[in-house]
There are 2 protein chains.
Amino acid sequence: MQFAVYLPPQAEQRRCPVIYWLSGLTCNEQNFITKAGAQRYASDHGVIVVAPDTSPRGDDVADAEGYDIGKGAGFYLDATQAPWSAHYRMQDYVARELPALIETHFPATDARAISGHSMGGHGALVTALRNPGRYRSVSAFSPIVAPSQVPWGRKAFTAYLGEDREAWKAWDACELIATVQERLPILVDQGGGDEFLDTQLQPERLQDACDAVGHPLDLRIRNGYDHSYYFIASFICEHFIFHMRRLNLAR
Amino acid sequence: MQFAVYLPPQAEQRRCPVIYWLSGLTCNEQNFITKAGAQRYASDHGVIVVAPDTSPRGDDVADAEGYDIGKGAGFYLDATQAPWSAHYRMQDYVARELPALIETHFPATDARAISGHSMGGHGALVTALRNPGRYRSVSAFSPIVAPSQVPWGRKAFTAYLGEDREAWKAWDACELIATVQERLPILVDQGGGDEFLDTQLQPERLQDACDAVGHPLDLRIRNGYDHSYYFIASFICEHFIFHMRRLNLAR
């Protein structure tokens with residue numbers, strides 16, 4: 001697995017908190033660090049940024065036709081179905097193996113925030129919701145909030161988790177919201193001109209799920225913005241401020 | 001020809017000045033707008049950014065083997081040698097045709113700054129030096145300052161301009177510095193860890209040429225930085241401040 005790490009200048013003097021960034025379909029560990037312009041804000045705030053790849057890689061890793069399944073499309077879950085279950089254990093990697101590695105080999109504290117885009121927005125939400133206490137803060141850009149209900153999610157979950165939709169609930173942010181005890185506030189930015197808004201993203205489902213149980217959500221629909229990294233670059237500054245408020249709180 | 005334009009929010013209310021950005025070898029109009037993180041600063045300052053391609057394009061345009069000649073490697077000059085002279089008129093395009101188009105079809109003033117990277121740094125310097133009065137400000141990242149003296153420049157100039165090295169002087173920043181009347185201040189950022197520093201860039205030649213005639217130059221060697229867009233993203237903010245001071249001056 002390859003991953004990208006940005007160390008701010010402050011990390012030369014002391015351990016720093018970490019924002020984990022999960023990218024979307026077709027991406028790898030390069031997209032965020034090349035196109036989001038986030039290093040400026042990481043440097044200002046003194047926070048490490050870690051961007052993993054979006055799936056296992058390698059010649060012996062299962063793959064399939066289509067950009068939305070297999071390599072580049074790991075959906076940040078632990079697959080249970082062959083052939084995927086052999087390598088597609090992205091949740092275990094993102095929530096456990098990678099933070100353990102980062103906190104051992106880099107000047108990082110265990111104060112963690114998590115964010116992501118599209119499939120990675122789903123990944124950030126689900127990873128925070130499934131792991132109470134592990135993250136101090138969570139946000140997303142243009143997330144897939146209800147994968148069980150939309151084509152991208154149904155295709156991936158059927159392949160990785162099987163036909164039993166009960167098993168999908170543990171990987172669906174809108175389902176998880178109903179059951180979690182930890183009410184970690186969620187920030188979501190969503191472009192109002194996003195070409196996937198109605199078919200794949202449907203942020204109103206997350207609003208409804210949060211309203212139903214009183215889960216704190218700040219959902220911002222940004223008129224005219226699309227699904228691209230230009231959208232992310234326009235608002236990533238506000239996500240860093242949001243995360244840093246919580247990362248800097250004393251436990 | 002394709003080019004990229006960023007319009008800041010201020011352009012909805014009034015005409016804005018323009019920074020032209022010239023990219024380096026192998027690039028097109030996308031590199032700067034995707035990777036430099038400059039929109040943030042253009043928005044802050046109320047300046048339009050225009051990024052042209054680096055060469056003519058199309059099936060009928062001459063090309064050759066190698067990333068440093070032909071398409072993607074126009075060197076911002078007007079070629080005189082066949083087959084290049086048919087389409088490779090990048091200086092005329094960048095200094096005349098493109099600004100005329102921008103100032104007609106976009107809410108732009110005629111207050112122009114020019115900057116660029118590597119081959120595009122050469123392009124920015126040469127374009128400003130050759131066109132006194134047309135630019136209010138010029139800067140460069142990691143520019144080829146003396147193309148007549150280094151492999152990239154010698155190869156391109158031999159192809160585009162022919163064997164007569166006298167003809168090269170009109171396209172070589174260090175040669176032009178000696179003869180120009182307009183002493184437009186130059187800002188240059190150069191990575192001290194740039195892999196092309198000694199072989200292709202040699203910024204000390206520009207320092208010597210400026211010192212010899214008293215041309216104002218602020219040459220900053222940035223230790224540890226390489227030739228990448230990460231370097232540009234790290235210091236582009238300072239170039240915008242530099243350009244805006246002059247773009248905002250009343251004539």
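Quick caveat, the model's predicted, so the values are computed rather than measured. Proteins come first, then strands; the chains are lettered A, B, ... in the order of their sequence lines, and each starts at number 1.
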> Roughly how far, to the nearest 0.5 Å, is the NZ atom of B:Lys35 from the CD1 atom of A:Ile33?
Replying inline: 11.0 Å
> Atom CZ in A:Arg40, atom OG in B:Ser234: separation rounded to 0.5 Å?
Replying inline: 11.0 Å
> Given A:Thr34 and B:Tyr229, is the side-chain contact (heavy atoms from CB on, under 4.5 Å) satisfied, shown in steps?
Replying inline: CA-CA 8 Å; A:Thr34 309; B:Tyr229 265 85; over 6 Å; no
>> Is it the case that atom CZ in A:Arg220 sees more than 12 heavy atoms from other parts of the structure closer than 6.0 Å?
In response: yes
